[in-house]
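Notes to accompany the following structure.
Everything numeric in this text was worked out from a predicted model, so none of it was measured. Within every chain, numbering begins at 1; the chains are lettered A, B, ... in the order of the sequence lines, protein sequences first and strands thereafter.
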Amino acid sequence: MLKIEGLRTVFGAAGLPEIAAVDGVDLTVARGRTLGIVGESGCGKSILSLSIMRLLPPPGRIAAGRILFGGQDLAALSNRQMRQVRGRRIAMIFQEPMTSLNPLRSIGAQIAEAIRTHDRGASAADLRARGIEALKRVRIPAPERRIDDYPHQMSGGMRQRVMIAMALSCAPDLLIADEPTTALDVTVQAQVLDLLRDLQAETGMAIILITHDLGVVARMADEVAVMYAGRVAEQAGTAAIFNDPQHPYTLGLLGSIPRIEARPGRLLAIEGTVPPPFALPPGCRFAPRCVFADADCNTAPPPLRDIAPGQRVACFRAPVEDIA
Amino acid sequence: MIGFALRRLAWVLPNIVVLTFLLFATTSGWLGSPAAMMLGTDASPAAIAELNARFGFDDPIVVQYLRWAGGALTGEFGRSYSTQQPVAAMIAPAFPVTIELALWAILLAVVTSVGLNSLVVARGVVGAISTGFSIIGVTIPNFMLGATLITIFSVWLGWLPTTGWVPWDEGALLHLKHLILPVVTLFAFYFGSFSMVYRAEYRAVERQLFVRVAAAKGLSESAVSFRHVLPSAVLPVITYVGLTLGQLVGGAVVTETVFSIPGLGRLFVTAIGSYDYPVMLAVGSIILVGVMVTNLLADLALAAMNPQIRL
């Protein structure tokens with residue numbers, strides 16, 4: 001349903017060299033499925049999601065590639081056409097529920113605005129009924145009363161539910177959730193994730209779940225794309241990523257998850273830091289930190305290639321079983 | 001909110017007492033002898049003593065203040081020392097003139113500064129021009145702008161009257177024609193300063209996440225600007241309007257003088273020039289009460305717009 005081909009998003013202030021935050025990304029998401037996108041801060045996962053929404057903060061722009069969605073290339077749409085897509089067919093929720101809602105307007109007014117933007121004819125009574133219905137679906141108690149509340153009268157978890165209600169009010173085909181539970185405490189995280197999964201089963205929407213939390217991915221995603229320094233390092237089914245990771249970076253990420261059964265000691269961490277986008281190595285971007293790297297890795301960037309059915313990896317040295 | 005207004009009013013009253021007392025003490029007692037001013041510098045000591053006794057200038061300052069305040073409460077501000085007219089009769093016709101001038105200028109300044117700076121099209125060239133005008137408006141002295149406008153539109157082009165004031169009932173068109181130049185002169189400064197306050201706040205609000213969320217709903221850029229950024233960004237402008245309107249209630253001193261408008265500002269200047277302290281006191285008190293009342297109104301407006309403020 002969503003197919004991203006060779007997406008390159010650059011930030012270029014006048015007179016300075018362009019910096020590619022997303023550099024040649026290919027991804028697909030199928031109807032009703034959840035794609036988890038994981039990676040460290042700065043790997044380009046949030047910029048990728050804003051590219052899909054065409055909400056890049058200036059001076060960011062899509063420099064190359066296609067974002068095919070329901071037969072249209074979103075990257076080529078006019079602003080007016082894109083507005084018909086935003087909120088109506090692709091909705092988005094964000095990391096910070098505390099600041100996602102306009103503090104000056106009731107949540108009912110904000111949900112109504114989302115509906116009215118794509119359904120000009122809706123009457124006030126209709127908007128209110130649909131707003132209450134939307135709050136009911138995200139399991140907010142007493143929605144008839146809460147609809148008149150203002151954001152500051154609600155907790156973080158409740159606000160994120162309101163955000164989800166607002167995002168789903170126009171029944172989008174795709175929901176992009178950018179770290180939707182990172183700012184919430186652990187029990188509320190679980191509730192919100194369960195809610196998202198139930199709503200997905202109900203509506204059949206696809207979800208792109210952006211996170212740095214592998215636990216969230218394991219719980220939610222059907223497929224996982226691991227991003228590193230603006231590129232996809234590995235994309236595979238969730239089980240394959242966790243049981244049979246092929247990219248050394250994925251291996252490293254999995255090694256840095258604390259495990260209950262492991263004997264106490266130091267967590268495995270990947271040595272070094274992500275290279276900044278203005279000082280990328282010429283070959284594989286992970287090579288300087290990679291324990292498996294050899295001379296080939298520094299010559300050219302490795303292409304994303306199929307290594308097993310449904311598993312693609314951008315590494316010359318994969319499969320790692322052969323070298324480990 | 002009514003409770004808040006009443007509590008605030010309860011604070012306003014003692015404030016007014018203290019401040020008017022200071023005003024009274026500085027103008028009437030501590031700056032010089034009113035009797036000497038009324039009778040001239042070569043008056044005989046006997047005449048001064050007689051006048052002091054007649055008007056009570058020898059009484060303790062608190063007693064004098066209470067006598068003045070008692071009169072003020074009933075609208076009796078004494079007589080002008082220079083014209084011998086009742087002060088109330090001098091203020092009564094000047095007050096509405098000043099209020100009209102102030103309201104037009106502030107209203108136009110708020111609407112244009114907030115409106116222009118919220119327009120999405122005003123980002124490029126229009127934005128640069130509007131910024132330029134704001135800086136000119138804030139920096140150019142009022143008397144200079146007034147004199148320049150008179151030269152261009154009255155003297156050279158002959159489109160508008162140079163100075164003066166025509167009441168509404170002597171012809172609405174003539175009234176408005178006399179208003180245009182002084183309103184524009186006064187407006188220029190407030191347009192500039194409101195624009196600067198608004199633009200700074202606009203840029204801060206624009207970066208908030210809820211603005212991106214609004215765009216993600218599919219709203220147009222101008223809907224995001226006017227419905228989501230404006231209501232938050234306008235709040236400091238309202239506070240600022242509360243302050244400036246309160247000051248303008250006492251008259252736009254320079255503008256009224258340049259355009260010979262019979263408002264409180266010109267009355268105030270004349271009174272200061274002739275040490276006519278009953279008039280100075282009365283206009284000063286009006287400014288004082290004006291600032292307090294408009295600030296209260298601004299607070300109430302903010303509370304009405306921002307549900308996070310519980311009063």
Can you find a heavy atom in the side chain of [X] that is under 4.5 Å from one in the side chain of [Y]?
X	Y	result
Arg105(A)	Arg227(B)	yes
His228(B)	Glu113(A)	yes
Arg212(B)	Phe94(A)	yes

Tell me whether [X] at atom [atom1] has more than 12 heavy atoms from other residues, nucleotides or ligands lying less than 6.0 Å away.
X	atom1	result
Arg31(A)	CZ	no
Phe133(B)	CZ	no
Trp11(B)	CH2	no
Glu144(A)	CD	yes

Using non-hydrogen atoms and a 4.5 Å limit, figure out which bit of [X] sits close to chain B: side chain, backbone, both or neither.
X	value
Met163(A)	side chain
Ala114(A)	both
Arg116(A)	side chain
Leu50(A)	side chain
Gln110(A)	both
Ser100(A)	both
Met166(A)	side chain
Leu101(A)	backbone

>> How close do Thr117(A) and Gly218(B) get, counting heavy atoms only, and between which atoms?
In response: CG2-O, 3.6 Å
> Between Pro103(A) and Gln308(B), what is the shortest heavy-atom contact and its length?
Replying inline: CB-NE2, 3.2 Å
>> Just verifying a value: how many Å separate Lys217(B) NZ and Arg83(A) CZ, rounded to the nearest 0.5 Å?
In response: 15.0 Å
> How many angstroms lie between CE in Met98(A) and CG in Leu209(B), if you round to the nearest 0.5 Å?
Replying inline: 12.5 Å
>> If the test is side chain to side chain contact (heavy atoms under 4.5 Å, CB included), which one of Asn102(A), Thr99(A), Leu104(A) qualifies with Phe210(B)?
In response: Asn102(A)
